[in-house]
Chemist: 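One structure follows; several queries about it will come next.
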Amino acid sequence: MTDPKRYLVTSALPYANGLKHVGHLAGAYIPADIYVRYLRAQKRDVVFVCGSDEHGTAIPIQATKEGTTPRAIIDKYHQAMKQDFEDLSMSFDIYHRTSEPIHHETAQEFFTYLNDRNELEIKESEQYYDEEAKTFLADRYIKGTCPNCGSDRAYGDQCENCGRTLSPDELINPVSTLSGKAPVKKRTSHWYLPLGKHEEFLREWILKEHKEDWRATVVGQCKSWIEGGLQSRAVTRDLDWGIKVPLKDAEGKVLYVWFDAPIGYVSATKQWAINNKKDWKPYWYDKDTKLVHFIGKDNIVFHCIIFPIMLKLHGNILPDNVPANEFLNLEGDKMSTSRNWKLDMRDYINDFVKKENGGGQCVDMLRYYLTQIAPETKDSEFTWKGFQDAVNSELVSIFGNFVNRTWVLMHKLCGGKVPILHTEILDENDKILNAEIEGSKAKVETLLEQYKFREALYEVIDLSRKGNQYMQKKEPWIAAKQLAANPDMQKNIDNTMHLCLQLTANLAILINPFLPNTAKSMLNMMKVVDKMLDWENAGKLKLLSIGYSLREPQLLFRKIEDAEITEQIEKLKAGLMKSEAGVQKPADEPPTSNLKSQIQYDDFAKLDLKVATITAAEKVPKADKLLKLEVDLGFEKRTIVSGIALHFKPEDIIGKQVVIVANLAPRKMKGIESNGMILMAEEKDGQLKFINPGEPTTNGSPVS
RNA sequence: CGCGAAGUAGAGCAGCGGUAGCUCGUUGGGCUCAUAACCCAAAGGUCGGGAGUUCGAUCCUCCCCUUCGCAACCA
């Protein structure tokens, strides 16, 4: 779409059941924020909406897990996510939530509109029903034996043991997790959106019209779904958490979360309009509105297939583009909430932004690195070393350093003021630099319009690199030494510094969408107002007036120290260990007879169990969980490293008698050799307790 | 299984018909205004494997191998 009248930009609504990590940030939020800031700098009419997605079965499940109510869960995570986005300089015009009445009304109106026009089908099916709880059971609420591996940890949607995808009907001996009783089959009816009816439209719209301008990964995914045959999808569920189906005979039914969530973009726009006394309708109905959804690749089907069908049936405009990103891996492995292998936005905020040497510059460092490695065409990888390299060698050494040396030299050689430009002696280098400055605007612009954020950012950094090259060729510090012999050299110095200063002003404009906090610091150094950042000023060479005095330099970025990244990597690994310990005993599991397979006496006899007394204990440095213990076996003392630091203080356990496995092969942990293992009982909440003889016993006594 | 995306220098990534580029890292040199920063240069790749189309293929076609995703939650 060329020259639209207005823009509506959305970022995927984050699901309110937990904190979000940097993968989310890189995928759907930072690119959208860059795009929006760029449009605003161009004085375009743009609204940027987002908000929390607060319905669906996972919310009540999370509530059970945390021992609280669904309402408390969504309030907690809505607040947390909103705060985190704010801390990372996301510039939403509104951060809404789907629990608001205006959203319920909007979603219900959507449903009614479609239903009244017979665009939905009603189908009857048999679903499991819990007679005691008087409710139909979501797949996730039914537990049973896996038909594949025989584990009793299989749910109606998937087996936790073998990972196989299941349907509730496949479970052997299904049990309701609500009442613990066997559920019965009961007939129920649901509304379905027949996607198949719209196949031709999708083929035309995506595979033909947008074949070229949408990302290959997006078109490819859509093609895969369309050709795979589009099934009707239920838009309602039997659940008591969500938006009530607005019909008399639909007691106990709510809209399926995937149906109401994208409508959240519409209700957020409405709320924004109310807050700002604007009309929301053109943003969703006028053909001259450019709608852009920023999402991750998992969301492609909703934003490219299902929601567009809903929008089309409802008479709304369709997205102009859906620049979905692939996934971001972390230190060689997929990010995963359940395995705790992730970097939460909040953790970064606490460890960097909120520190004394943090603040806006640390926000921009993360924004920089995540943009630089954004998974635009394929999965990419976040590594702490990569983060450090990007910050130290590009932000600090190239960009920050260019600005700094310009400022320092300007103060030393030009009296702290913008020097005159002597046009009569401009040389080849000056002219080339001018052309580079003028050319960058168009380059960055074109790339941003194509959603190539990584490349666009590269162009900006590259412009500062060209500034460094230019300065190196002109060597004003050498010219300064020749001043005594040749006072005319001042003219050379003036020209060089004048151009470097104008270049800095340009850099501020160009970097602003990506690193807004940095742009702000630069404005402060230049003593100019925000208006200078207007995009139309990019490429201009008269942004700073001659004779204007400028502030002292301030460093734009600090370096990331080795110790900081080492600490982060260790923290990540410690978190993984914690979660793996947790997986063995999920908190919500009732006591079960988790018996291991039978062994013979000989197997048991191989174990050498002995009574021992802990004589010394200390924390292992740089390890959250480990304690280094010394135990007395009577006949010898030995060192055992044990992963119990989260449960016991070293000073509290000295003198305790324990049972150890004395013939376990030695193993090095954190460089300390551990000779044996202390036996522990584990409560279902993960709490650990020592196994010891009921009364004091001689150290070294065998246990059998 | 099938479908989609991807496999390119030590690392992270571009490119996509005319025998390969960028950033970091490495090595050597220059400069010293600058956050031991900057600048220049060099080394380093049979572009996953095989076959085909073409005057010519990393880029097109086919086969194979590997990784990721595919309407549970999840960017």
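The model shown is predicted, which means the values in this text are computed figures rather than measured ones. Order of the sequence lines fixes the chain letters, A, B, ..., with proteins taken first and strands second; residue numbering starts at 1 for each chain.
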Chemist: Please determine, for B/A37, whether a Watson-Crick or G-U wobble partner exists with both distances under 3.5 Å, and give it or none.
Modeler: none

Chemist: Base, sugar-phosphate or nothing for A/Arg233? Non-hydrogen atoms, less than 4.0 Å.
Modeler: base

Chemist: Does any nucleotide pair with B/C47 by Watson-Crick or G-U wobble geometry, both distances under 3.5 Å, and what is it?
Modeler: none

Chemist: Show each protein N/O and nucleotides 4-12 of chain B N/O combination with a separation under 3.5 Å, one pair to a line.
Modeler:
from : atom 1 : to       : atom 2 : distance (Å)
B/G4 : O2'    : A/Gln221 : N      : 3.4

Chemist: Answer with yes or no after comparing the ring centroid distance for A/His303 and A/Tyr265 against a 6.0 Å cut-off, counting only values under it.
Modeler: yes

Chemist: Taking atom C1' in both B/G50 and B/U23, what distance in whole Å separates the two?
Modeler: 33 Å

Chemist: Is the A/Trp341 to A/Phe382 ring centre distance short of 6.0 Å?
Modeler: no

Chemist: Using a 4.0 Å heavy-atom cut-off across all strands, classify A/Leu409 as base, sugar-phosphate, or nothing.
Modeler: base

Chemist: Step by step, work out the side chain to side chain donor-acceptor pair (under 3.5 Å) result for A/Gln472 and A/Asn468.
Modeler: CA-CA 6 Å; A/Gln472 195 65 32; A/Asn468 279 321; over 6 Å; no

Chemist: Taking B/U58 as the reference, what is the distance to B/G49 when you measure between their P atoms (whole Å, please)?
Modeler: 10 Å

Chemist: For nucleotides 34-37 of chain B, print each protein N/O atom paired with a nucleotide N/O atom at under 3.5 Å, atom names and distance only.
Modeler:
from  : atom 1 : to       : atom 2 : distance (Å)
B/A34 : OP1    : A/Lys412 : NZ     : 3.2
B/A34 : O3'    : A/Asn404 : OD1    : 3.2
B/A34 : O2'    : A/Asn401 : ND2    : 2.5
B/A34 : O2'    : A/Asn404 : OD1    : 3.1
B/A34 : N1     : A/Arg405 : NH2    : 3.3
B/A34 : N3     : A/Asn401 : OD1    : 3.1
B/A34 : N3     : A/Arg405 : NE     : 3.1
B/U35 : N3     : A/Phe557 : O      : 2.6
B/U35 : O4     : A/Leu556 : N      : 3.4
B/U35 : O4     : A/Phe557 : N      : 3.2
B/U35 : O4     : A/Phe557 : O      : 3.0
B/A37 : OP1    : A/Lys559 : NZ     : 2.9
B/A37 : O3'    : A/Ser397 : OG     : 3.3
B/A37 : O2'    : A/Asn401 : OD1    : 3.0

Chemist: For B/A14, take OP1 and OP2 only and decide whether either is under 4.0 Å from a side-chain N or O of A/Arg454.
Modeler: yes

Chemist: Write down the distance separating the P atoms in B/C74 and B/A5, rounded off to the nearest Å.
Modeler: 25 Å

Chemist: Which one is paired to B/C13, where only Watson-Crick or G-U wobble pairs with both distances under 3.5 angstrom count?
Modeler: B/G21

Chemist: If the P atom of B/C73 is compared with that of B/G12, how far apart are they to the nearest Å?
Modeler: 32 Å

Chemist: Give none if B/C31 has no partner; otherwise give the nucleotide forming a Watson-Crick or G-U wobble pair with it, both distances under 3.5 Å.
Modeler: none

Chemist: Identify the nucleotide, in any strand shown, that forms a Watson-Crick or G-U wobble pair with B/G2, with both distances under 3.5 Å; if there is none, say none.
Modeler: B/C70

Chemist: Determine whether the aromatic ring centres of A/His55 and A/Tyr256 lie less than 6.0 Å apart.
Modeler: no

Chemist: Do you see a donor-acceptor pair shorter than 3.5 Å between the side chains of A/His190 and A/Asp238?
Modeler: yes

Chemist: Using atom C1' of each nucleotide, how far apart are B/C62 and B/U19 to the nearest Å?
Modeler: 23 Å

Chemist: Roughly how far apart, to the nearest Å, are B/A14 and B/A57 at atom P?
Modeler: 25 Å

Chemist: Could you check whether A/Ile478 gets within reach of a base, just the sugar-phosphate, or nothing at all, counting any heavy atom under 4.0 Å?
Modeler: sugar-phosphate

Chemist: Assign A/Tyr15 to base, sugar-phosphate, or nothing according to its heavy-atom contacts below 4.0 angstrom with the strands shown.
Modeler: sugar-phosphate

Chemist: Are the aromatic rings of A/Phe514 and A/Tyr368 close, with centres under 6.0 Å apart?
Modeler: no

Chemist: With a non-hydrogen cut-off below 4.0 angstrom, is A/Lys473 in contact with a base, only sugar-phosphate, or nothing?
Modeler: nothing

Chemist: Could you let me know what B/A57 is paired to, Watson-Crick or G-U wobble, both distances under 3.5 Å, or none if it's on its own?
Modeler: none

Chemist: Do A/Phe294 and A/Tyr29 have ring centroids that are under 6.0 Å from one another?
Modeler: no

Chemist: Looking only at side chains, do A/Asp33 and A/Ser89 share a donor and an acceptor under 3.5 Å apart?
Modeler: no

Chemist: Under 6.0 Å between the ring centres of A/Phe307 and A/Phe302?
Modeler: no

Chemist: For nucleotides B/C47 and B/C55, find the distance between their P atoms and express it as a whole number of Å.
Modeler: 23 Å

Chemist: Within the structure shown, what part of the strands sits under 4.0 Å from A/Gly23 by heavy-atom distance: base, sugar-phosphate, or nothing?
Modeler: base

Chemist: Using the P atoms only, state how far B/C39 lies from B/C22, rounded to an integer number of Å.
Modeler: 14 Å

Chemist: Is there a donor-acceptor contact under 3.5 Å linking the side chains of A/Gln554 and A/Asn404?
Modeler: no

